[in-house]
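Worksheet: the structure to be examined is printed underneath.
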Amino acid sequence: IEERYKKRYKAGDTPWDIGKPDFNIIQTVTTMAIKPCKALDIGCGTGDNSIWLSQKNFDVIGIDASEIAIQKAIEKASKECTFIVIDFLTNKIEGAPFGFAFDRGCFHSLNSDEERNSFAENVAAHLEKDGLWLSIVGNADEQRDGPGPPQRTARDIVNSVEPFFEILSLVSSHFESNHPNPPRAWVCLMRKRRFA
């Protein structure tokens with residue numbers, strides 16, 4: 001997966017890089033009144049969501065496997081955030097535990113229940129007690145002719161995260177997009193289970 005994304009950044013084939021924060025993170029953080037805390041943006045890309053969080057007084061570390069993406073994020077952000085080139089699936093991130101984790105399109109790029117399950121376990125391992133995870137996931141209920149983000153069912157999400165997270169909300173939405181027909185998405189807010 002990491003290599004696939006690195007290649008796409010190199011080729012400039014990054015339709016998810018929209019140059020602004022996704023409205024789903026803005027809406028969720030503001031309506032759920034998520035308090036500023038240490039935050040981890042997993043697969044932060046060029047940093048738009050990390051920068052938005054830091055402007056809301058979150059202490060943000062953005063991570064991505066693509067050096068190109070991280071370089072762009074650093075150029076955009078000046079000093080508000082810390083950006084690190086690292087593979088989340090195989091590394092412990094310095095600065096844990098975090099109060100809030102966010103990913104837009106990372107969790108859904110894992111193809112098997114086992115991979116998604118270990119991703120969820122890794123997110124939980126990086127969160128403090130009662131820490132929150134917001135994930136924006138391609139929605140399998142969309143009938144699609146062309147390319148788009150990987151699609152997952154609500155059951156895919158629940159099966160993978162239930163052992164480690166209590167689902168606070170699972171809402172059908174769409175990705176923030178520069179296209180007239182943005183792809184559908186699940187917006188899933190979860191709280192780390194006490195025993196995870």
Side-chain angles (χ1 to χ4, degrees), residues 1-5 16 22 24-45 49-50 53 58-65 84 86-142 148-175 183-196:
I1 287 172
E2 305 298 341
E3 284 310 308
R4 189 173 74 216
Y5 282 106
W16 58 83
D22 192 295
N24 291 294
I25 189 174
I26 297 171
Q27 206 170 5
T28 306
V29 167
T30 50
T31 57
M32 302 302 279
I34 297 170
K35 303 263 181 289
C37 59
K38 278 169 63 173
L40 180 63
D41 184 356
I42 304 160
C44 65
N49 296 300
S50 295
L53 283 168
F58 284 78
D59 180 9
V60 186
I61 294 180
I63 59 169
D64 203 286
I84 305 167
I86 196 165
D87 179 349
F88 179 68
L89 299 173
T90 54
N91 293 280
K92 183 96 173 113
I93 310 305
E94 293 286 317
F98 297 90
F100 180 65
F102 173 68
D103 90 279
R104 177 179 182 266
C106 266
F107 174 74
H108 76 194
S109 58
L110 300 163
N111 290 320
S112 71
D113 279 343
E114 292 75 36
E115 288 176 309
R116 288 190 294 271
N117 193 273
S118 75
F119 185 93
E121 185 174 16
N122 200 15
V123 174
H126 282 83
L127 288 174
E128 62 192 30
K129 189 177 116 207
D130 293 332
L132 298 174
W133 173 26
L134 176 64
S135 186
I136 305 179
V137 180
N139 187 329
D141 290 331
E142 175 182 30
Q151 294 175 295
R152 303 292 168 224
T153 63
R155 182 179 286 139
D156 290 334
I157 297 168
V158 172
N159 285 348
S160 303
V161 306
E162 274 281 66
F164 314 103
F165 288 90
E166 171 194 350
I167 296 175
L168 302 178
S169 65
L170 180 59
V171 180
S172 180
S173 180
H174 60 274
F175 284 94
R184 280 183 65 180
W186 291 111
V187 179
C188 188
L189 181 65
M190 301 157 267
R191 180 187 293 130
K192 179 177 169 172
R193 291 192 183 281
R194 293 286 161 97
F195 55 80

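Throughout, residue positions are numbered sequentially from 1 according to the sequence presented.
With sequence neighbours left out, the salt bridge (Lys or Arg N to Asp or Glu O under 4.0 Å) criterion links Glu121 to no other residue. Every residue two or more places apart in sequence or in another chain that forms a salt bridge (Lys or Arg N to Asp or Glu O under 4.0 Å) with Asp130 is listed here: Arg194. Residues passing the salt bridge (Lys or Arg N to Asp or Glu O under 4.0 Å) test with Glu162, sequence neighbours excluded: Arg193. With sequence neighbours left out, Phe58 forms a ring-ring contact (aromatic ring centres under 6.0 Å, His included) with Phe100.
The salt bridge (Lys or Arg N to Asp or Glu O under 4.0 Å) pairs that include a residue from residues 148-159 are Arg116-Asp156, where partners are two or more places apart or lie in different chains.
The two atoms that bring Phe164 and Ala124 nearest to each other are CB-CB, 3.9 Å, heavy atoms only. Of all heavy-atom pairs spanning Ile25 and Ile136, the tightest one is N-CD1, 4.5 Å. Contact between Asp64 and Cys44 at its shortest, heavy atoms only, is OD2-N, 3.4 Å. When every heavy atom of Val137 is checked against every heavy atom of Phe175, the shortest pair comes out as C-CZ, 3.9 Å. Residues Lys92 and Ala125 share a closest heavy-atom pair of NZ-O, 3.4 Å. The shortest heavy-atom contact between Cys106 and Phe119 is CB-CZ, 3.9 Å.
When side chains are defined from C-beta on, Phe88 counts as touching Val123, because their heavy atoms get closer than 4.5 Å.
With rounding to the nearest 0.5 angstrom, the CG atom of Asn139 is 9.5 Å from the OG atom of Ser173. Within the model, atoms CE of Met190 and CD1 of Ile157 stand 7.5 Å from one another, a figure rounded to the nearest 0.5 Å. To the nearest 0.5 Å, atom NZ of residue Lys192 and atom CZ of residue Phe165 are 7.5 Å apart. Residue Ile42 holds its CD1 atom at 10.5 Å from OG of Ser50, rounded to the nearest 0.5 Å. Annotation: the span from Asn91 atom CG to Ile63 atom CD1 amounts to 8.5 Å, rounded to 0.5 Å. A distance of 7.0 Å separates CG of Asn24 from NE2 of His174, quoted to the nearest 0.5 Å.
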**Request:** Please assess Cys188 against Phe107 for the test side-chain contact (heavy atoms from CB on, under 4.5 Å), listing each intermediate value before the final yes or no.
**Result:** CA-CA 11 Å; Cys188 188; Phe107 174 74; over 6 Å; no
Side-chain donor-acceptor distances from residues 29-37 under 3.5 Å, at least two apart:
{"from": "Thr30", "atom 1": "OG1", "to": "Ile26", "atom 2": "O", "distance (Å)": "2.6"}
{"from": "Thr30", "atom 1": "OG1", "to": "Gln27", "atom 2": "O", "distance (Å)": "3.2"}
{"from": "Thr31", "atom 1": "OG1", "to": "Gln27", "atom 2": "O", "distance (Å)": "2.7"}

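By the neighbour-count criterion of 12 heavy atoms within 6.0 Å, atom NZ of Lys129 is sparsely surrounded, having that number or fewer from other residues, nucleotides or ligands.
In this structure a side-chain-to-backbone donor-acceptor pair under 3.5 Å is present from His126 to Ile93. Side chain of Asp41 to main chain of Val60: no donor-acceptor pair is present (N/O by atom type, distance under 3.5 Å, no hydrogens or angles). Checking side-chain atoms of Glu142 against main-chain N and O of Arg184 turns up a donor-acceptor pair under 3.5 Å.
In this model, a donor atom of one side chain and an acceptor atom of the other lie less than 3.5 Å apart for Asp103 and Trp133.
Just one residue in the list Leu168, Leu134, Val171 forms a side chain to side chain contact (heavy atoms under 4.5 Å, CB included) with Thr28, and that residue is Leu134.
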